[in-house]
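In what follows, chains carry the letters A, B, and so on, assigned in the order in which the sequence lines appear, proteins first and then strands, with residues in each chain numbered from 1. These numbers come from the heavy atoms of this one structure, side chains and all, not from hydrogens, waters or symmetry mates.
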There are 2 protein chains.
Amino acid sequence: MSIRLVIADDQALVRGALAALLGLEPDIEVVAELGDGTGVAAAVVEHSADVAMLDVEMPGLDGISAAAAVRRAAPSCRVLMVTTFGRPGYLKRAMQAGASGFVVKDTPARQLAEAVRRVHQGLRVVDPVLAAESLTAGDSPLTEREGEVLKAASDGGTVADIAKSAMLSEGTVRNYLSAAMAKTGGRTRAEAVRIAEDNGWLL
Amino acid sequence: MSIRLVIADDQALVRGALAALLGLEPDIEVVAELGDGTGVAAAVVEHSADVAMLDVEMPGLDGISAAAAVRRAAPSCRVLMVTTFGRPGYLKRAMQAGASGFVVKDTPARQLAEAVRRVHQGLRVVDPVLAAESLTAGDSPLTEREGEVLKAASDGGTVADIAKSAMLSEGTVRNYLSAAMAKTGGRTRAEAVRIAEDNGWLL
DNA sequence: AATGCGGGATGACAAATGTCATGGGGCTGG
DNA sequence: CCAGCCCCATGACATTTGTCATCCCGCATT
């Protein structure tokens, strides 16, 4: 009996190519393809899928939240995350959300089907390089509000903009940004944003 | 006789999947897969390819430069650009570099093989949505140095850092940034960077 | 009860940033 | 040849940032 697989990725080209590639495997059957995270859990239930392959970066519901939703709706379905960027923080959060595997998109294509099989058997699959980074990089040092403020700052707005969007005083915003800069090691607000993004600390 | 195709994309998973997908077509033969732009022109010559499928964002030599290199080395080989982000500026620059087609990665997978065939026949293939955007968005309003300085600012460094890396006076850097902000409409340096990036003005 | 920590805020101050006027040199098109 | 534009630079100036000290409150730990 073949492995029933659901694929969710926002890039149709990639999604289609992955489906075609995995569909070639005799023991894998692609039962659904989604373009965002919102319908994943429902699709998993509807097609009684064995494995869900999710991209982390997706419009609507992001991959991590989608993974949690899948685990809640269908505990027997394993989740394999596939992502473009090897952000250490993503890995940890994905595992905490109940994912069984985590691979980046520049792993050899051959290993993908194998990863699906391993995950289906209940094993964990993690990119070894990423796992090592994750250990050294550790968790986000940012407090919840610090993260929110930094995220609000990530599109380049002024302090006043951030204060308005976060319902905070301007001085408080500057304090949080200052703390975030200290913790990330960035010497500028923009640098702190970039560092936090690279580490997957901003969701 | 089948179409001889070279594929270059930095994400191995995507690259492999695309190769598998297109390899299924009876009239297409994938003769080479590359992970960066540097060897593309050589590979095209070596395998006497008919079409080169290039990602815009690649380490080493970027897709646009690679496209130009291919056109120089093998004028008979058509170039089809495939990109993640639909940056209007990329389209224009790719066409100027000699590309025959430009599609984004969230176009339906079925159309991809068709795009390859069209390009091979000498036709131009352009995502219609992107083409429309490209007309309104127009060319980069930034002057060459303005672009360089803004690019140098894109990783969040301070004015002093930028000045050092660009061999300019700090005052001059501030002037260029100011001009860039005025032209992009951004109210902050970071905002200007984001706007310019979104439009494909920073390469 | 005391301590510590996160959230929220204020005020003050130094440093960085954004703006503007101004100048000179080089190149190009009318 | 001259006007116009880009490049490079300086200096002065108003704002914005980033930093720091210092509060208050609530909550969990001890």
Just how far, in rounded Å, is P of dG6(C) from CD of Glu148(A)? 15 Å
Using heavy atoms to find the nearest nucleotide of DNA chain D for Lys183(B) and Val159(A) separately, return the residue whose nucleotide is more 5′. Lys183(B)
Could a donor-acceptor pair under 3.5 angstrom be found where the side chain of Arg145(A) meets the base of dG7(C)? no
How long is the line joining CD of Glu146(A) and P of dG8(C), in whole Å? 11 Å
Between P of dT10(C) and OH of Tyr176(A), the distance in whole Å: 13 Å
Just N and O in the side chain of Ser178(A): are any of them under 4.0 Å from OP1 or OP2 of dG18(D)? no
Using modelled atom types only, decide if a donor and an acceptor are shared between the side chain of Arg124(A) and the backbone of Met95(A) within a distance under 3.5 Å. no
Do Ser65(B) and Asp62(B) meet the criterion of a side-chain donor-acceptor pair at a distance under 3.5 Å? yes
Stepwise, does the salt bridge (charged side-chain N to carboxylate O under 4.0 Å, His left out) test hold for Asp9(B) with Lys105(B)? CA-CA 12 Å; Asp9(B) 190 308; Lys105(B) 278 187 184 165; 3.1 Å; yes
Indicate whether OP1 or OP2 belonging to dG18(C) is found under 4.0 Å from a side-chain N or O atom of Arg189(B). yes
Nucleotide nearest Leu168(A) (side chain, heavy atoms from C-beta), chosen from dA9(C), dC8(D), dT19(D): dA9(C)
Do the side-chain N or O atoms of Thr143(B) get closer than 4.0 angstrom to the phosphate oxygens (OP1, OP2) of dC5(D)? no
Indicate whether OP1 or OP2 belonging to dG7(C) is found under 4.0 Å from a side-chain N or O atom of Thr172(A). no
Could you state the atom-to-atom distance from CD of Glu170(A) to C1' of dT19(D) in whole Å? 16 Å
Measure the distance from CZ on Arg174(A) to P on dC13(C) and round it to the nearest whole Å. 14 Å
Which listed nucleotide (dG7(C), dT19(D), dC7(D)) is nearest to the side chain of Glu144(B)? dC7(D)
Whole angstrom is fine here: how far is it from CG in Leu177(A) over to P in dA16(C)? 17 Å
The nucleotide from dT10(C), dG18(C), dC20(C) with an atom nearest the side chain of Asn175(B) is dC20(C)
Cationic tip of Arg87(A) above Phe85(A) ring, under 6.0 Å, 45° of axis: yes
So, Glu197(A) versus Ser154(A): side-chain donor-acceptor pair below 3.5 Å or not? no
How close or far is atom P of dT17(C) from atom CZ of Arg187(B), stated in whole angstroms? 18 Å
By nearest atom, which of the nucleotides dG7(C), dC8(D), dG18(D) is closest to the Met181(A) side chain? dG18(D)
